[in-house]
Amino acid sequence: MPPVALIDGNDFYVSCERVFDRRLAGMPVLVLSNNDGCAISRSAEAKALGVGMGEPTFRLRPLVRRHGIRVLSSNYPLYGDMSRRVNEALAGFSPAVEAYSIDETFLDLAGFDGRDLWAYAQDLRATVRRWTGIPTCVGLGPTKTLAKLGNAVAKKNPAFGGVCDLTDERVRCAVLRALPVGDVWGVGPATRRKLEGVGVTTAGGLAALDPKHARRLGTVVLERVAAELRGLACLDLDLLPAARQGVAVTRSFGQPLHDLAPVVGAVAAFATKAGEKLRAQGLIAGQLTAFLHTDRHRQGPQHHGSRTARLVPMTADARDLAAAAGRCVEAAYRQGFAYAKAGVILDDLRLAGQAPLDLFARPRSDALMRAVDAINARYGRGTVRVASMGFGAAWSPRAAHRSPAYTTRLKEVPRVRA
DNA sequence: TCTGGGGTCCTAGGACCC
DNA sequence: TCTGGGGTCCTAGGACCC
């Protein structure tokens with residue numbers, strides 16, 4: 001099997017922030033989720049203080065105060081742009097690259113078998129660090145699952161020096177024996193419980209499991225995971241990003257909403273945003289789902305409502321999407337609940353030129369939306385908007401600690417004094 | 001007495017991922 | 001006061017067809 005590498009940015013969001021704010025170096029730092037709800041990226045110093053992944057912000061408050069932890073709202077334009085730069089640096093190391101997530105990239109190292117993989121991986125880490133300022137770890141293995149696992153080991157255990165090579169079978173066996181089965185890529189809490197129920201508690205145990213047994217316990221997915229752990233590649237590198245299947249815009253509200261009107265305003269805004277994503281990729285949608293629900297963490301009556309509508313003809317027009325989302329959410333809404341979150345999901349996507357023809361419906365001209373997108377790109381999102389969005393923002397999320405758009409907005413580019 | 005069987009398509013829901 | 005958001009894949013089961 002030709003080796004595969006997985007490169008992963010350490011504490012990626014925190015590292016992005018540190019590149020542009022030197023005061024964060026060596027400090028405990030947290031990046032919060034949307035709505036400042038919980039911790040989603042933690043520096044090593046913050047982890048050492050006991051900050052858990054996904055821990056709610058309100059519970060962290062005493063710890064933050066006691067230790068002077070720096071807290072930041074998430075800044076996705078910055079992280080997306082840094083991710084692009086990391087992948088630019090990696091492109092020089094292999095012609096076959098899969099950008100798997102915002103902070104992880106797989107590299108195909110076919111034809112590199114004779115080389116010193118460890119030295120190559122260290123060179124790669126140094127280059128990414130020099131070009132972007134982002135620290136990384138590298139996992140190497142004969143399959144994606146093993147590369148992923150090597151990466152996790154390298155990250156958890158500093159003795160590896162940032163690179164863990166599982167192409168060697170003896171090293172692999174030792175590592176798998178020591179690793180809890182729940183740490184394997186593709187084994188979530190539900191599958192972990194099932195595996196533990198039949199006495200499989202380590203990655204090595206899963207690798208040794210009979211394929212039929214694995215399939216019965218999980219699905220074909222678990223069977224593949226077990227095969228990959230044995231070094232048998234079942235997952236190819238996806239060199240071209242797959243066509244998108246759906247677009248979703250969902251948000252928790254900054255405060256609970258009881259009345260219908262602000263909820264309609266919120267989903268109109270979400271539908272508008274979803275339409276922008278669609279148009280940016282030249283797509284149209286054939287189906288829209290809008291949902292709303294109460295806060296499951298709180299006492300009191302709970303309600304989860306959702307409606308789906310066909311979009312005929314298929315569309316990416318903000319007016320059509322906002323109208324359909326409004327109708328769906330009006331039908332799903334019930335009086336007397338404190339709604340905490342809503343969302344709009346678009347499915348059945350096609351390229352705009354490939355819509356099925358409809359004998360009776362005349363598709364909208366897209367000139368208006370092009371003009372709206374151009375105005376909003378120049379003067380800011382929401383300069384031109386669908387009226388049902390309104391101008392209040394009872395639902396707008398919290399983001400109290402947002403850093404500047406250092407790399408994507410001219411006004412916010414950092415200044416360097418000579 | 002006995003009441004087919006195989007195939008496709010669609011959807012909802014579960015599980016997992018970052 | 002206060003617990004994210006955006007995806008993918010798989011399966012079961014129903015509807016429908018001949």
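Residue numbers begin at 1 in each chain, while the letters A, B, ... track the order of the sequences.
Across A:Thr308, A:Val344, A:Asp320, a single residue satisfies side-chain contact (heavy atoms from CB on, under 4.5 Å) together with A:Leu288, and that is A:Val344.
Residue A:Arg61 is classed as a base contact, given a heavy-atom separation below 4.0 Å to a base. Nucleic acid contact class of A:Gly54 (heavy atoms, under 4.0 Å, all strands): none. A:Thr57 comes within 4.0 angstrom of no nucleic acid atom, judged by non-hydrogen atoms across all strands. Residue contacts shown for A:Val344 are absent, as no nucleic acid heavy atom lies under 4.0 Å away. Across all strands, A:Lys277 comes closer than 4.0 Å only to sugar-phosphate atoms, never to a base (heavy-atom distances). Counting non-hydrogen atoms under 4.0 angstrom, A:Gln245 reaches the backbone sugars and phosphates but no base.
OP1 or OP2 of B:dC17 has not a single side-chain nitrogen or oxygen of A:Lys144 nearer than 4.0 Å. Using a 4.0 Å cut-off, no side-chain N or O of A:Lys148 falls inside it from OP1 or OP2 of B:dC17. An OP1 or OP2 oxygen of C:dT3 is reached within less than 4.0 angstrom by no side-chain nitrogen or oxygen of A:Ser33. Of the side-chain N and O atoms in A:Lys341, none sit less than 4.0 angstrom from OP1 or OP2 of C:dT3. For C:dC2, the OP1/OP2 oxygens have a side-chain nitrogen or oxygen of A:Arg298 closer than 4.0 Å. OP1 or OP2 of B:dA15 has not a single side-chain nitrogen or oxygen of A:Thr191 nearer than 4.0 Å. At the phosphate of C:dG7, OP1 or OP2 sits under 4.0 Å from a side-chain N or O atom of A:Arg244.
By the 30° and 60° cut-offs, the orientation of the rings of A:Phe270 relative to A:Phe253 is parallel. A:Phe337 and A:Tyr339 have tilted rings, their planes meeting at an angle from 30° to 60° on a 0 to 90° scale.
In this entry the distance linking CG of A:Asp8 with P of B:dC18 reads 9 Å, nearest Å. Distance CG (A:Leu149) to C1' (B:dC17): 15 Å, rounded to an integer number of Å. Remark: C1' of C:dT8 and CZ of A:Arg224 are 12 Å apart, rounded to the nearest angstrom. The nearest whole Å value for the distance from the CG atom in A:Asp103 to the P atom in B:dC17 is 14 Å. Straight-line distance from the NE2 atom of A:His297 to the C1' atom of C:dT1: 15 Å, rounded to whole Å. Between the CZ atom of A:Phe291 and the C1' atom of C:dG4 there is a distance of 11 Å, rounded to whole Å. If you measure from atom CG of A:Leu257 to atom C1' of C:dT1, you get 15 Å, rounded to the nearest angstrom. Taking atom CZ of A:Arg192 as the reference point, atom P of B:dC16 lies 9 Å away to the nearest angstrom.
Salt bridge absent: A:Arg224 and A:Glu228 never bring a charged side-chain N and a carboxylate O closer than 4.0 Å. We find that A:Asp11 and A:Arg18 are not joined by a salt bridge, their nearest charged nitrogen and carboxylate oxygen being 4.0 Å or further apart.
Checked by atom type, the side-chain pair A:Glu196/A:Thr201 shows no donor-acceptor distance below 3.5 Å. Between the side chains of A:Asn75 and A:Ser403, a donor-acceptor pair is found at a separation under 3.5 Å.
Nucleotide B:dC18 forms a Watson-Crick or G-U wobble pair with C:dG5, both donor-acceptor distances falling under 3.5 Å.
The side chain of A:Arg215 approaches C:dT11 more closely than any other nucleotide in the set C:dT11, C:dG7, C:dG4. With B:dC18, C:dG5, B:dA15 as the choices, the nucleotide that has an atom nearest any side-chain atom of A:Trp185 turns out to be B:dC18. Nearest nucleotide to the side chain of A:Tyr100, out of B:dC17, C:dG4, C:dC10: B:dC17. Across C:dT3, C:dG5, B:dC18, the shortest atom-to-atom separation from the side chain of A:Arg251 is found for C:dG5.
Mapping A:Val221 and A:Pro256 onto DNA chain C by nearest heavy atom places A:Pro256 at the nucleotide closer to the 5' end.
Spacing between B:dT3 and C:dC18 at atom P, rounded to whole Å, works out to 24 Å.
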